Amino acid sequence: MAFENKFIQQRIEKAKLLQSEGINPYSNNSKRNTTVKKYINVNSDIAEKENKRDEHRIYTVSGRIKLLRIMGKASFFQLEDETGTLQIYIARDNLPEGFYNTVFKKLIEVGDIVEVTGYPFITGKGELSLHTSEFKLLTKAIAPLPEKFHGVTDKEIRYRKRYLDLIMNAEVRKTFQIRSKVISLTRRFFEDKGFLEVETPMMHPIAGGANAKPFVTHHNALGIDRYLRIAPELYLKRLIVGGFEAVFEINRNFRNEGMDATHNPEFTSIEFYWAYKTYKDLIEITKEYFKYLFEHLDLPIILPYGDIEVNFENFQEIPLIESLTTIGGVPADITNDKEKIVTYLKSKNITVKPNMNLGQLQGELFDEYVEEKLIDPTFITEYPVEISPLARRDDNNPEITERFELFIAGREIANAFSELNDPIDQYNRFKGQVDAKEAGDDEAHEMDEDFIEALSYGMAPTAGQGIGIDRLVMLLTNEHSIRDVLLFPAMKPLNSEDANEEEI
RNA sequence: GUCUUGUUAGCUCAGCUGGUAGAGCACGUCACUUUUAAUGAUGUGGCCGAUGGUUCGAAUCCAUCACAGGACACCA
């Protein structure tokens, strides 16, 4: 399999020659004492020095050779570490006798990881560089890097071999640094508010907390199937029953559904639950959260996303039914009538599943006519109870719930509600879901009697929210595919044999 | 899941209506001590995604399959 490629063979030969010269091609004897970024910062004054150099400052930097320009008895190369790229000047007469000609010129090449020691100077063309007095190979790369100018652009290679993508495309590293920062800031934001970070099971006996198809796995010792969680919601609420008053979890959820630009089988969300609060408090904390993110990420408050702009100072709030007419342009006289909605959708050539209830049809109208038009952050409130099986009913109108979803740039970013804590109401809503499941809705919720029992002991009035981290990061990094914000997005195996491989 | 467009050298890509496969980069050799995608000379490199079919002849036409991108459907 591996190492057949002639270029790889060639480079393996070079590694052997290095060994015969007494040079370890996989040395770990690194003496690095600064990064490229620090080197550039510390030496920003070199231009003012005599001869534009300072031979008394000696630094050792390490990194990968990205570009190599050999010119007879001297060479330049670009050395790249995580912090940046530095030009290295290396000349025959500054190195031990024979090293430059027999080792550097013949056995060192683009892709190798090396360490150089020397002093800062500025070249004739005005670039701060390092004048090498010692050169050491740390790691021989036996596989050649992709083309130096175009790099690797094939999306399949970039996703399957993310390491290559990261080597070749520095801006990709930036995206994942921002992702890391978003998660870190999110954690800090909620911790600062007094929330406790918890971990709840990833393997569930009942796949609850959302409407979705789960992955199934098997516990051998117990001889039972488990579901990879589709949401942590019901476990986090059990903790509120137990007396924790503010909890959050940032972790993966798994849904056995289609893959596309906004869906990966495993995705990251934060869910948080806050006792003695309502969804109104969640609207406030959500605004505060975004403000916090924008400040700490140093992002413009009017954020470009593709060819649109999102104004993060312009948070809107509008009830779902109202949005159908004012934003969606749906006639006002049909939005509360099942038959009229079905007729209307049919007249627009939109097919709906038979036996949909009013709430589901209103949801259809929203998805069809409103969602994509919500560019600036918009809290859609007053969701129908039929499509909100875990949310508390509005005290004044039992047909709607104390719930909102937050939409930004035409996409759902968060889902939140005052939690249903009436165990009998929750029991009946689960029953309704079970009936729907039996009627063929394979994404309907299952009965979770243990959760009902937990509620029976009393859960303080609580508000809870989930935010999709991947989509949030897409928004903040101006990426339009979820695969570009996941280091290792899900991909099909390359040959069908792998797909059918039996477990050991 | 459906439709659609791709898959040619390690990488980025040409290859017209079918006639024995091309460039740049990378790599080998030579020259070159301040280059910036270094430069100049020269050379090596391919089961044209897989399997069938049509044809005297297929990278090229047809069918099936695999993988990927995009759109739609479902979902977050």
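Values below: all heavy atoms of this structure, side chains included; hydrogens, waters and symmetry mates excluded. Order of the sequence lines fixes the chain letters, A, B, ..., with proteins taken first and strands second; residue numbering starts at 1 for each chain. The model shown is predicted, which means the values in this text are computed figures rather than measured ones.
Under the Watson-Crick and G-U wobble criteria, each requiring two contacts below 3.5 Å, nucleotide B:C72 is paired to B:G1. The base-pairing partner of B:C16, taking Watson-Crick or G-U wobble contacts with both distances under 3.5 Å, does not exist among the strands shown. Base-pair partner of B:G52: B:C62 (Watson-Crick or G-U wobble, both distances under 3.5 Å). The partner of B:C32, taking Watson-Crick or G-U wobble pairs whose two distances both stay under 3.5 Å, does not exist in any strand shown. Across all strands shown, B:C25 is found opposite B:G10 as a Watson-Crick or G-U wobble partner, with both distances under 3.5 Å.
Distances shorter than 4.0 Å separate none of the side-chain N or O atoms of A:Lys105 from OP1 or OP2 on B:G28. Between A:Thr153 and B:U12, a side-chain N or O to OP1/OP2 separation shorter than 4.0 Å is present. OP1 or OP2 of B:A38 sits under 4.0 Å from a side-chain N or O of A:Arg69. At the phosphate of B:A26, OP1 or OP2 sits under 4.0 Å from a side-chain N or O atom of A:Lys148. At B:U34, none of the side-chain N or O atoms of A:Arg53 fall inside 4.0 Å of OP1 or OP2 (strictly under the cut-off). Put simply, A:Arg158 has no side-chain N or O that comes within less than 4.0 Å of OP1 or OP2 on B:A68. The side chain of A:Lys6 contributes no N or O atom lying less than 4.0 Å from OP1 or OP2 of B:G45. For the pair A:Lys155 and B:C67, the criterion of a side-chain N or O lying under 4.0 Å from OP1 or OP2 is not met.
Here A:Phe7 does not count as stacked on B:G10, because the ring centres are not under 5.5 angstrom apart with planes under 30°.
The side chain of A:Glu156 has B:C67 as its nearest neighbour among B:U34, B:A73, B:C67. Taking every side-chain heavy atom of A:Lys492 into account, B:A68 is the closest of B:C74, B:A38, B:A68. Of the candidate nucleotides B:C67, B:G69, B:G28, B:C67 has the atom lying nearest to any side-chain atom of A:Arg160. Among the nucleotides B:C74, B:U34, B:U12, the one closest to the side chain of A:Asp260 is B:C74.
At a cut-off of 3.5 angstrom, the base of B:U36 holds at least one donor-acceptor pair with the side chain of A:Thr123. The base of B:A9 is not paired with the side chain of A:Asn5 by any donor and acceptor separated by under 3.5 Å.
At the heavy-atom level, A:Met491 lies under 4.0 Å from the strands shown only through sugar-phosphate atoms. Contact annotation for A:Phe407: no contact, since no heavy-atom pair falls under 4.0 Å across all strands. Within 4.0 Å (heavy atoms only), A:Gly151 reaches sugar-phosphate atoms of the nucleic acid but no base atom. Here A:Ile70 lies in heavy-atom contact (under 4.0 Å) with a base.
A:Glu372 places its CD atom 13 Å from the C1' atom of B:C72, with the value rounded to the nearest Å. For the pair A:Ile157 CD1 and B:U7 P, the interatomic distance rounds to 13 Å; values are reported in whole Å. Rounded to an integer number of Å, the gap from CD of A:Gln78 to C1' of B:U34 is 13 Å. Between the CD atom of A:Glu147 and the C1' atom of B:C25 there is a distance of 4 Å, given to the nearest Å.
At a threshold of 4.0 Å, the pair A:Glu13-A:Lys16 counts as salt-bridged, since one of the basic side-chain nitrogens sits closer than that to a carboxylate oxygen.
Ring pair A:Phe190/A:Tyr289 is tilted by interplanar angle, where 30° to 60° counts as tilted. Using cut-offs of 30° and 60° for the angle between ring planes, the A:Phe121 and A:Tyr89 rings count as perpendicular. Ring geometry, A:Phe379 versus A:Phe315: the interplanar angle falls under 30°, so the pair is classed parallel (tilted spans 30 to 60°).
Along RNA chain B, the nucleotide closest to A:Glu109 and the one closest to A:Tyr159 are compared, and the more 5′ of them pairs with A:Glu109. Mapping A:Gln87 and A:Asp154 onto RNA chain B via the closest heavy atom, the residue that lands nearer the 5' end is A:Asp154.
No donor-acceptor contact under 3.5 angstrom links the side chains of A:Thr378 and A:Gln316, judged on distance only. One side chain, A:Arg53 or A:Tyr119, offers a donor N or O that lies under 3.5 Å from an acceptor on the other.
For A:Phe104 and A:Phe99, the distance between ring centers is not under 6.0 angstrom.
Across B:U64 and B:A71, the matching P atoms stand 25 Å from one another, rounded to whole Å. Only the C1' atoms considered, B:U42 is 26 Å distant from B:U34, to the nearest whole Å.
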